[in-house]
Asks: 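For reference, the structure I am asking about is given below.
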Amino acid sequence: MNTKEVRVRFAPSPTGPLHIGGVRTALFNYLFAKKHNGTFILRIEDTDQNRYVKGAEDYIVNSLKWCNIKIDEGVGVGGKYAPYRQSERKDIYKKYAEQLINDGFAYYAFDTPDELEKMREKLKAEKSENQQYNFLSRTAMRNSLNLSQDEVEKLIESNTPHVIRLKVPENEKVEFTDLVHGKISFDSSLLDDKILFKSDGMPTYHLANVVDDYLMKISHVIRGSEWINSTPSHVLLYRFLGWENEMPEFAHMPLILKPNGKGKLSKRDGDALGFPVFPLEWTNPNTNEVSSGYRESGYFSDAFINILALLGWNPGTEQEIFSMKELTEIFSLDRIGKSGSRFDPEKAKWFNHQYLINKNNEELAFLYQEILKEKGIEVSDKLVIKVVDLIKERASFVSDFWKQSFFFFQKPTEYDPKVVKKKWKEDTSDTMKKILEVIENIEDFKSEIIEETVKNYIEKNELSFGKVLNPLRLCLVGSGKGPSLFHIAEIIGKEEVVERINNGIEKIKK
RNA sequence: AGUCCGUUCGUCUAGUCCGGUCAGGACGCCAGGUUUUCAUCCUGGUAACACGGGUUCGAAUCCCGUACGGACUACCA
């Protein structure tokens, strides 16, 4: 391991919302940085003007904020190596591209899209192993390797569209050590002459990311494994630019796969998979299509982070619940797995449940109050706290609270027919009438006292618990579910209990 | 098609580097227990080393091959 300062970057392109794979990449970078007292940088790779999506950058920043992934340096916060938006660094890249040309490692290419297509078709027809622009095919193309210097100058002066390509050598072994996968090697003959500079005056990702990583003194490049195949081109760039000794270390993380089996998870999956792929809800600015987010679906951000942290990484212990702080203390790259993982919505739910039951009642009540207000229910925080305490173990999300507790706030409007059929017998009305009397006589309407009184009555009259308590629950709740009947009774109060029993006697008929 | 990467219960995974406990945990599912009910909870159960060779006293672990999966092969990142 080297001892240089850890500086890592998360470098998304603003072509749309971040999906959970992107968030995980950001998270792993962040955790690695924090673990080593390093710096986490956000760099926006907006070199493709055509794919730019309005609002995407804000979305990325907001997502990281929600996740509690704090940006030390970069877009939105600034820093020593500003600007951090590649479109604003445009001029920097040109210099290096020209340096590569002067040193014989790159060249101008004037081929039109048409000509490129013809070349590929021709090679295909010849059953050539690949149709790349490479050491073989470039000899027949319109580029500065084949044209005279005069011609090249003339073409450039007359503003002929052109690109700058990397001159990839033939038959060289290009190797790098990946911190996740170990040594990976490629034969340079299989690499294509990557475009470094596009005809629109923008660099491509390949040039820009190498230049920026070097200038920003990035120590480790942690990214998805879809980048493995272009890494040798990057290694070549570091070498040709004379930066091989300062080259960052690479760690390629396994991809997050679609749960149905096929392929990597993609932004375009939206809600098609039956679970959100985005951290925050996203409205496509072009189509106005809305895709759901984890935040809006009721996930706590700390639970969400916990879920993501364990996708493709594990600490080697049996602990599964981790705070962000714990993660920053124990995270390490060498415990990142090699194979892709599928996201399991069921387990995600379980994680949220764990976080939910560990939250304090005040916080949950505060969140639940918003829902109650929307339903036009105005009740005291004190009451909601009591309710939450009784029902939180039965929920995975705050949004589950209503169906677990509506009966605290309103009378049942219907009675579950199945339960009615099973529990409401011929003589139940009479039993309820008697229970009603018993309840009406309770002075101190506390759950323990209600329970004691009712149970005493049952025993004294040789009734069974089920025969009394089940119909009673039906009256109070409308179904056969819910927390302790006596707790419910205490919270809704004697008057309400009496009213609901009367309603039940009247409305529930055999 | 080529290149690169990968493959342990249905899913997330431990164990692999440094061969040697009935291959461990979690989610899910199933059963039992607790409960006035439902849920939670507790206990138990279900279920995996892709395949074939080799090396070895012994292989999930090392080597080779096959199969399968994935990524990449753009003037996208």
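Computed from a prediction, not measured in an experiment: that's the story for all the values here. Residue numbering restarts at 1 for every chain, and letters A, B, ... go by the order of the sequence lines.
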Asks: Report the distance from atom NZ of A:K258 to atom P of B:G69, rounded to the nearest whole Å.
Replies: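 Checked: the NZ to P distance equals 16 Å.
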
Asks: Whole Å only: how far is the NZ atom of A:K349 from the P atom of B:C29?
Replies: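 Between P of B:C29 and NZ of A:K349: 9 Å.
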
Asks: How would nucleotides 72-77 of chain B be written as a contact map, 5' to 3', with B for base contact, S for sugar-phosphate-only contact and - for no contact, using protein heavy atoms under 4.0 Å?
Replies: SS-BBB

Asks: Can you tell me which residue pairs pass the salt bridge (charged side-chain N to carboxylate O under 4.0 Å, His left out) test with a partner in residues 8-19 of chain A, sequence neighbours excluded?
Replies: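 Passing the test, one end in residues 8-19 of chain A: A:R9-A:D213.
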
Asks: Which pairs, with at least one residue in residues 468-488 of chain A and sequence neighbours excluded, count as a side chain to side chain donor-acceptor pair (under 3.5 Å)?
Replies: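 Every side chain to side chain donor-acceptor pair (under 3.5 Å) pair that includes a residue of residues 468-488 of chain A, provided the two are not neighbours, is A:S484-A:H487.
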
Asks: What is the pairing partner of B:C30, taking Watson-Crick or G-U wobble pairs with both distances under 3.5 Å in any strand?
Replies: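 By the stated definition (distances under 3.5 Å), B:G44 pairs with B:C30.
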
Asks: Pick out which of A:Y294, A:W402, A:Y299 makes a ring-ring contact (aromatic ring centres under 6.0 Å, His included) with A:F397.
Replies: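 Testing each of A:Y294, A:W402, A:Y299 against A:F397, the sole residue satisfying ring-ring contact (aromatic ring centres under 6.0 Å, His included) is A:Y299.
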
Asks: Please list each protein N or O that sits under 3.5 Å from an N or O in nucleotides 43-52 of chain B, with the distance.
Replies:
none

Asks: How would you list, by chain and number, every residue that makes a salt bridge (charged side-chain N to carboxylate O under 4.0 Å, His left out) with A:K433, sequence neighbours excluded?
Replies: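 Partners of A:K433 by the salt bridge (charged side-chain N to carboxylate O under 4.0 Å, His left out) criterion come out as none, since no residue qualifies.
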
Asks: Does any nucleotide pair with B:G58 by Watson-Crick or G-U wobble geometry, both distances under 3.5 Å, and what is it?
Replies: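 When the pairing criteria are applied, nothing turns out to pair with B:G58, so the answer is none.
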
Asks: Which base sits across from B:C22 as a Watson-Crick or G-U pair, both distances under 3.5 Å?
Replies: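 Matched B:C22 with nothing under the 3.5 Å cut-off.
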
Asks: Let's test this: given Watson-Crick or G-U wobble pairing with both distances under 3.5 Å, identify the partner of B:U37.
Replies: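 Partner of B:U37: none found under 3.5 Å.
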
Asks: Between B:C64 and B:G28, how far is it from one P atom to the other, in whole Å?
Replies: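 Between the two P atoms, the distance is 41 Å.
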
Asks: Which part of the nucleic acid does A:P232 contact within heavy-atom distance under 4.0 Å: base, sugar-phosphate only, or nothing?
Replies: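 No contact.
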
Asks: I'd like the C1' distance from B:C17 over to B:C27, given in whole Å.
Replies: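 Pairwise C1' distance, B:C27 against B:C17, rounds to 29 Å.
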
Asks: Please report the distance, rounded to the nearest Å, between CH2 in A:W350 and P in B:C29.
Replies: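 Taking CH2 of A:W350 and P of B:C29, I get 14 Å after rounding.
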
Asks: Using atom CD of A:Q354 as one end and atom P of B:U40 as the other, report the distance to the nearest whole Å.
Replies: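 It works out to 12 Å between those atoms.
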
Asks: Want to settle it: does A:E451 or A:K338 sit nearer the 5' end of RNA chain B, counting the closest nucleotide to each?
Replies: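 Checking each residue's closest nucleotide, the 5'-ward one belongs to A:K338.
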
Asks: Rounded to whole Å, please give me the gap between NZ in A:K173 and P in B:U3.
Replies: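 That distance rounds to 15 Å.
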
Asks: Report the residues that fulfil ring pair (Phe, Tyr, Trp, His ring centres under 6.0 Å) with A:H234, sequence neighbours left out, ordered by chain and then residue number.
Replies: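 Here the qualifying residues are A:Y205, A:H206.
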
Asks: Kindly indicate whether the side chain of A:K347, heavy atoms from C-beta on, has any atom under 4.5 Å from the side chain of A:E320.
Replies: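 The answer is yes; the side chains approach within 4.5 Å.
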
Asks: Going by the rule side chain to side chain donor-acceptor pair (under 3.5 Å), which residues pair with A:Q319 if we only count those two or more places apart in sequence or in a different chain?
Replies: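 So A:Q319 forms a side chain to side chain donor-acceptor pair (under 3.5 Å) with A:E326.
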
Asks: Holding to side-chain contact (heavy atoms from CB on, under 4.5 Å), I want the full list of residues that pass it with A:S185, two or more places apart in sequence or in another chain.
Replies: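 If we apply the side-chain contact (heavy atoms from CB on, under 4.5 Å) test to A:S185, skipping adjacent residues, the hits are A:K173, A:E175.
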
Asks: Applying side-chain contact (heavy atoms from CB on, under 4.5 Å), can you list everything that pairs with A:I357, at least two apart in sequence or on another chain?
Replies: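 Expected list: A:H353, A:Q354, A:E393.
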
Asks: Using the C1' atom on both, measure B:A26 against B:G69 and round to a whole Å.
Replies: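 Straight-line distance between the two C1' atoms is 25 Å.
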
Asks: Once you apply a heavy-atom cut-off of 4.0 Å, does A:K127 come out as touching a base, just sugar-phosphate, or nothing?
Replies: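 No contact.
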
Asks: For atom C1', what is the distance between B:C68 and B:A31, given to the nearest Å?
Replies: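 Per the computed distance, 36 Å lies between those C1' atoms.
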
Asks: Can you tell me the distance, in whole Å, between the CG atom of A:L255 and the P atom of B:C4?
Replies: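 For the pair A:L255 CG and B:C4 P, the rounded distance is 18 Å.
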
Asks: Walk me through it: do A:K194 and A:D192 pass the test salt bridge (charged side-chain N to carboxylate O under 4.0 Å, His left out)?
Replies: CA-CA 6 Å; A:K194 288 233 154 28; A:D192 67 337; 2.8 Å; yes

Asks: Residues two or more places apart in sequence or in another chain: which of them pass side-chain contact (heavy atoms from CB on, under 4.5 Å) with A:P471?
Replies: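 Partners of A:P471 under the side-chain contact (heavy atoms from CB on, under 4.5 Å) test: A:W424, A:T428, A:M432.
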
Asks: Between A:N29 and A:T25, is there a donor-acceptor pair closer than 3.5 Å when you use the side chain of the first and the backbone of the second?
Replies: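 Yes.
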
Asks: Say you pick atom C1' in B:C49 and the same atom in B:A23; how far apart are they, in whole Å?
Replies: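 It comes out at 8 Å once rounded to the nearest Å.
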
Asks: Send over the distance from A:H181 NE2 to B:A71 P, rounded to a whole Å.
Replies: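 So the two atoms are 14 Å apart, to the nearest Å.
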
Asks: Regarding A:S185, tell me which of base, sugar-phosphate or nothing describes its non-hydrogen contacts under 4.0 Å with the strands shown.
Replies: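 Sugar-phosphate contact only - A:S185 comes under 4.0 Å of backbone atoms but never of a base.
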
Asks: Under a 3.5 Å limit for both distances, which nucleotide forms a Watson-Crick or G-U wobble pair with B:U7, could you say?
Replies: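 For B:U7, the partner nucleotide comes out as B:A67, under the 3.5 Å rule.
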
Asks: To the nearest angstrom, how far is A:I321 atom CD1 from B:A26 atom P?
Replies: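 From A:I321 CD1 to B:A26 P: 12 Å.
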
Asks: Across nucleotides 12-25 of chain B, 5' to 3', mark each nucleotide with B, S or - according to how protein heavy atoms within less than 4.0 Å reach it.
Replies: BSSS--------SS

Asks: If the condition is side-chain contact (heavy atoms from CB on, under 4.5 Å), which residues does A:N360 pass it with, not counting sequence neighbours?
Replies: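 Residues passing side-chain contact (heavy atoms from CB on, under 4.5 Å) with A:N360: A:E362, A:E363.
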
Asks: Taking the C1' atom of each, how far is B:U55 from B:G20, in whole Å?
Replies: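 Between the two C1' atoms, the distance is 16 Å.
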
